[in-house]
Protein chains: 2
Amino acid sequence: MSDSQKFPVAAHALAYLAHQGATTPERAVSSAELAASMPTNPVVVRRVTAMLARAGLIDTRAGAGGGAWLKQAPADISLEQVLRAVEGCTHLGVPPPGVAGCPVGERIPAAVMAAITAADRAAAARLSTITVADLLSADPQKL
Amino acid sequence: MSDSQKFPVAAHALAYLAHQGATTPERAVSSAELAASMPTNPVVVRRVTAMLARAGLIDTRAGAGGGAWLKQAPADISLEQVLRAVEGCTHLGVPPPGVAGCPVGERIPAAVMAAITAADRAAAARLSTITVADLLSADPQKL
DNA sequence: AAAACCGTAACAGTTACGATTACATATGGT
DNA sequence: ACCATATGTAATCGTAACTGTTACGGTTTT
């Protein structure tokens, strides 16, 4: 895949919402405000928040005074959920298909893929131990 | 960064060398043969093998009968070494810089970066438990 | 009605990658 | 010596993906 910034943008947005105490429709934060804090474009933010909303992590509302707010407590949102929500993966790449008929090359890709998957799972497991609330804790190095 | 295939290519190449018993200059495998087993282009393979050689994992020799061979036993080469050799990382992206002067947005990027680094380290730690020899074991799912 | 806001489509510009060609250099066989 | 075989690296091309941006339809508040 690619060099997507979706995960960092999502994490930043959620941390911002948490810090602003945006937990109800009344306290919704607009994509323009979120974008201004990155900074990036409001559309980029909305592309991500739409995914977070589909994953049930936040809710959004259109119209004046609308925006996004957290649907769960910051301490209950793990970064692994965030990663899944934005369809990110830690991809170390995809193994070449190998050559059919070659007994050597045929088995290797599956093994390489298994290794990559194992690494991805380890990264996801680590992210599952970090919450949005942790992103606001005093010492980020303690993660 | 990007969707580089360097790591899978490197892992495949090392596994192929191990399977062929290429451990001495006399048993060197050419980039053309390695490329044919992926399949990919020989130049792509050489770009990777050159990095592996710089990392001390393999050795290469130009000229007729030349190619690449393992410098270490397959069981002694961890995939974490391979990942470092090809300068790969699990990049989940890079946090947006944040807005200077904004007390909220200023601290978040460092925290997000710390989380990404933690995930990268977890993936690397997992890869350090898998060796090239493991890629040739009977059951890749056992990784 | 007007203004604010989301979701999404469409487009341009950038970036990174893989594949390929080309070439200088090195090695071994005849 | 000569030549075929290799590596390493530079240069180029086409492609894929992403960000940033504009635009627009629908929704909600004032």
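Remember, it's a predicted structure, so these values are computed and weren't measured experimentally. Within every chain, numbering begins at 1; the chains are lettered A, B, ... in the order of the sequence lines, protein sequences first and strands thereafter.
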Any non-hydrogen side-chain atom of [X] less than 4.5 Å from a side-chain atom of [Y]?
| X | Y | answer |
| --- | --- | --- |
| Ile77(B) | Thr131(B) | no |
| Leu70(B) | Leu14(B) | yes |
| Gln72(A) | Gln81(A) | yes |
| Glu106(B) | Val99(B) | no |
| Val82(A) | Phe7(A) | yes |
| Leu34(A) | Val9(A) | no |

Please report the distance, rounded to the nearest Å, between [atom1] in [X] and [atom2] in [N].
| X | N | atom1 | atom2 | value |
| --- | --- | --- | --- | --- |
| Glu26(B) | dT27(C) | CD | C1' | 13 Å |
| Met51(B) | dT7(D) | CE | C1' | 15 Å |
| Met38(B) | dA19(C) | CE | C1' | 14 Å |
| Phe7(A) | dC18(D) | CZ | C1' | 18 Å |
| Leu34(B) | dG8(D) | CG | P | 11 Å |
| Asp59(A) | dG7(C) | CG | C1' | 14 Å |
| Glu33(B) | dT5(D) | CD | P | 15 Å |

Look at the side chain of Arg54(B) and the base of dG8(D), then say whether one donor and one acceptor between them are separated by less than 3.5 Å.
->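 No pair found.
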
Base dA19(C) paired with Arg47(B) side chain (donor-acceptor, <3.5 Å) |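 Yes.
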
Per Ser31(A) side chain, nearest of listed nucleotides dC6(C), dG7(C), dA19(C) = dC6(C)

At less than 4.0 Å, is any side-chain N or O atom of [X] found next to OP1 or OP2 of [N]? Yes or no.
| X | N | value |
| --- | --- | --- |
| Ser30(A) | dA4(C) | no |
| Asn41(A) | dT19(D) | no |
| Thr40(A) | dG20(D) | yes |

Of Thr60(A) and Arg46(B), the one whose closest DNA chain C nucleotide lies more 5' | Thr60(A)

Tabulate atom names and distances for all N/O pairs under 3.5 angstrom spanning the protein and nucleotides 28-30 of chain D.
| from | atom 1 | to | atom 2 | distance (Å) |
| --- | --- | --- | --- | --- |
| dT28(D) | O4' | Ala62(A) | O | 3.4 |
| dT28(D) | O2 | Ala64(A) | N | 3.1 |
| dT29(D) | OP1 | Arg61(A) | NH1 | 3.0 |

How about Asp134(A) and Ser137(A): does a side-chain donor come under 3.5 Å of a side-chain acceptor?
->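 There is no such pair between these side chains.
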
